[in-house]
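The basis for the numbers below is simple: all heavy atoms, side chains too, and nothing from hydrogens, waters or symmetry mates. Computed from a predicted model, the values in this text were never measured in an experiment. Residue numbering restarts at 1 for every chain, and letters A, B, ... go by the order of the sequence lines.
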Amino acid sequence: MSTYTPAQIESKWQAAWADANTFKATRTEDKPKYYVLEMFPYPSGRIHMGHVRNYTMGDVIARYKMSTGHNVLHPMGWDAFGMPAENAAMASGGHPKDWTYQNIADMKAQMKPLGLSIDWSREFATCDPEYYGQQQALFIDFLEKGLIYRKKAVVNWDPIDMTVLANEQVIDGKGWRSGADVERRELVQWFFKISDYSEELLSAIDTLDDWPAKVKLMQANWIGKSRGLQFSFSMVDGPDGHDRVEVYTTRPDTLMGASFVGISPDHPLARELERDNPEIAAFCAECRKGGTTAAELETAEKKGYDTGLTVRHPFDTSWELPVYIANFILMDYGTGAIFGCPAHDQRDFDFATKYDLPIIATYLPEADSDPQLTEAYVPLKSESVHYVKGFAGEPVQTGDDGVNAAIAFCEENGVGHGVTKFRLRDWGLSRQRFWGAPIPVVHCDDCGVVPEAKENLPVELPYDVTFDVPGNPLDRHPTWRNCACPACGKPAQRETDTMDTFVDSSWYFARFTSPDAATPTDAAEAAYWMNVDQYIGGIEHAILHLLYSRFFARAMNMTGHLPDSAREPFNALFTQGMVTHAIYQTPSNTAARPIYHYPEDVEVRDGVTVLKATGQEVEVIPSAKMSKSKNNVVDPDNILAQYGADTARWFVLSDSPPERDVEWTASGAEAAFKHISRVHRVATDIAAMTDATGQGDEELIRATQRATLTFQVSGTLR
RNA sequence: GCCCCCGUGGUGGAAUGGUAGACACUGGAGACUUAAAAUCUCUUGGCCGUAUGGCCGUGCCGGUUCGAGUCCGGCCGGGGGCACCA
């Protein structure tokens, strides 16, 4: 009987693979290709079990495809721009660049012992000037093709730190460092015209046969195609230049239930009114307090201000409706104005109740229903309803048919027209931060906004910056922004905004096909390796990252950087579950928050989980996301040292189906180790067993079945 | 608030609308051992029963069906996303 010594076995084979360049991807036309990719990591400094699980899945597929005659591309890189590096620089000095590259070195050292089949020769970080310089070239090409434009957009503004805050830096409407009330403020920013592709990004979802249905549904809902009526109310006595209020509604069938018109505090009419009316100005200012997130806006207490203005109902000009400024109406969806129908929309109902506005039902559940509603009546799809109020006395219908009939009726009577709208907004890419790819444009007094010349790329980040005060160091750098205008040659100023980190991750998969090319991609390499055959990552990227990448592939196709066949870049998508771990906690006498204990400090005695040191009973919260602050993180280094990579890999793939969460448990890890040990033992003893009298046959069959499966996942026991 | 997903033994989980709990972990019993570990065998949803066996069971309530873990409606609980976290 031989002993299983993973440290020796794994290091031996890993060295052999490295020497033989086993995992180097080479383009040869005699073999089919296979491109497997895991979502690349942010270099936080330590890998965690989620990474192990993610890369193991890709590794299993890569090894399988290699063994079936494919040229396999299985690369790895680093999503290296972002706020944590700046936060680290602010907290402890140093430079984001040094922090980031050190973290990359540390994480790579942790990943190597996992024995992954990665072609490390293609490695890059998005903060490498060679990478973001090519990204700047893409920006310039997109700009030329009209895929990028500038407009005003709101940001979270911290009035004490005088800086823009990310949503996660706004806590309960206050700046995370200053504690000041955050305000919404408008800045001129750059946008990708992703909305040009709304229809195509939506309809092409049908072609993504190997994507999870739920991701496709989430993307479809995000794009949010709707059919509705756009029309305008005429104002009874509006200010100059405001004789109509344009609204969009998906429920024109309830138009006879209108009881008010609501406009966003950022609507042009509200802007006009607040100029002369301090009370309105104060109300709008109040509405602009707090963060910019949809969740915050929609859960905030509904507030309205009666402007005193009225509009005429389109079907009865003697019927006047009050105009309210309301804090829950978003300027950037629809027209920034709505008609309120309290009887059939709960939000409008709450608003009408609060401001004592009429609640007019256009239909009721039954003919003899009490018309005094206590909540909005929104019928189920299958439910038939009784109409009490329709257009020109005629009843309408519920559902899509009712909406279409209402649109047709309104169009016939000269009230607006049917339109198709999308919820998808253009993608704002400007960030008022240092640690990102500089937006390669120059502001010239004579020429205006001019793209940097490609021969001057990359526009590189300076190293001599400090983070002792909040804000973007590029703004206050003494010389960096000074440059010559690429058009006229006169002195000009660089843009100091950098790009959203989602830009970096929207085309890295294409760059992996030719990481050293002098252009963003190499046509022959991209044509051979694209698309990604299997993409693997977390469900948290189901919408933004994947949608942006789908847009980028189209934009790169339009600008000649990707072939037509790569307009949908990911043939198959797999969304893996998280690796979780129990939290062990005891109540604290002094703080509201409990005391969290490390797994190694607790044990089970007589079925009760207790602290080893004191015997005190511990509350166990199962299956919680691993978090440093909860002391429930399992460090892959320790697991690898104790059991070896194959055990860790086997456990995170076998204990729970790959798409579901897996709870890391010490007993489960122990069991996985026993299993791998058993496979190893039997495999190495097969010769001896077959020499014997044949009594080992049954054992051999079982062992062979286990080994076949295990080899697919771990692969190093050969 | 809106969109999406999930809920089955002590645990991870399995079940094209057709015998619920495959497989595995833990636990229990046993074999081997001076002993322990390791390994191997049996056993392990709950309740009643010495037993043959019976009853109850897939978060809750209702519906469709000859038949529901599975389909439909409504709840409850947990999770993910909501456009400047990555």
### Message
Taking the minimum atom-to-atom distance to the side chain of A:Thr501, which one of B:rA86, B:rA83, B:rC4 wins?
### Response
B:rA86
### Message
Heavy atoms from C-beta onward define the side chain here; which of B:rC84, B:rC4, B:rA83 lies closest to that of A:Asn156?
### Response
B:rC84
### A:Ala166 side-chain proximity, nearest of B:rC5, B:rC84, B:rA83
B:rC84
### Task
Give the rounded distance in Å between these two atoms: NE2 of A:His675 and C1' of B:rU26.
17 Å
### Query
Is A:Glu298 side chain donor-acceptor paired with the B:rC82 base, going by distance under 3.5 Å alone?
no
### Query
Is the NZ atom of A:Lys97 crowded by more than 12 outside heavy atoms at less than 6.0 Å?
no
#### Entry: Residue A:Leu217, side-chain atoms from C-beta onward, closest of B:rC4, B:rC85, B:rA86
B:rC4
### Query
Nearest of B:rG81, B:rA83, B:rC4 to any side-chain atom of A:Ile543?
B:rG81
### Message
By nearest atom, which of the nucleotides B:rC85, B:rA14, B:rA83 is closest to the A:Glu168 side chain?
### Response
B:rC85
### Task
Could you please name the option among B:rA86, B:rC82, B:rG7 that lies closest to any side-chain atom of A:Arg660?
B:rG7
### Close aromatic pair by centroid cut-off 6.0 Å: A:Phe502 and A:Trp427
no
### Message
Need one value for A:His545: base, sugar-phosphate or nothing, where a base atom within 4.0 Å counts as base even if backbone is also close, heavy atoms only.
### Response
nothing
### Message
Which nucleotide wins on minimum distance to the side chain of A:Glu540, given the candidates B:rA83, B:rG81, B:rU26?
### Response
B:rG81
### Task
Nearest whole angstrom, please: distance from the P of B:rC82 to the CZ of A:Phe422.
22 Å
### Query
Out of B:rC82, B:rA86, B:rC84, which nucleotide sits closest to the side chain of A:Gln432?
B:rC84
### Query
Among B:rC84, B:rC3, B:rG80, which is the nearest nucleotide to the side chain of A:Ile539?
B:rG80
### Distance, rounded to the nearest Å, where A:Trp176 contributes CH2 and B:rC85 contributes P
11 Å
### Query
Tell me: CZ of A:Phe574 to P of B:rC5, nearest whole Å?
17 Å
### Message
Distance alone, cut at 3.5 Å: any donor-acceptor contact between the side chains of A:Trp78 and A:Glu123?
### Response
yes
### Query
Counting only side-chain N and O atoms of A:Arg425, is one of them less than 4.0 Å from OP1 or OP2 of B:rA83?
no
### Donor-acceptor pair under 3.5 Å, A:Glu659 side chain vs B:rC6 base
no
### Task
Would you tell me whether A:Asp158 and A:Thr163 have side-chain atoms, one donor and one acceptor, within less than 3.5 Å of each other?
no
## Note on the structure
When rounded to whole Å, the NZ to P distance for the pair A:Lys354 and B:rG1 reads 16 Å
## Note on the structure
Relative to its sugar, using the 90° cut-off around 0, the base of B:rG80 is anti
### Message
Checking A:Asp504 against A:Gln135: is there a side-chain donor and acceptor pair closer than 3.5 Å?
### Response
yes
### Task
May I ask you to decide if the ring planes of A:Phe81 and A:Trp435 are parallel, tilted or perpendicular, using 30° and 60° as cut-offs?
perpendicular
### Distance-only polar pair, side chains of A:Asp426 and A:Tyr149, donor-acceptor under 3.5 Å
yes
### Message
Please give the distance between the P atoms of B:rU43 and B:rG57 as a whole number of Å.
### Response
27 Å
### Under the 3.5 Å Watson-Crick or G-U criterion, the dot-bracket string of RNA chain B, with | for inter-strand pairs
(((((((..(((.....[....))).(((((.......))))).((((....))))..(((((..]....))))))))))))....
### Message
Distance check, C1' atoms only: B:rG1 and B:rG10, in whole angstrom units.
### Response
39 Å
### Query
Below 6.0 angstrom between ring centroids: does that apply to A:Trp211 and A:Tyr535?
no
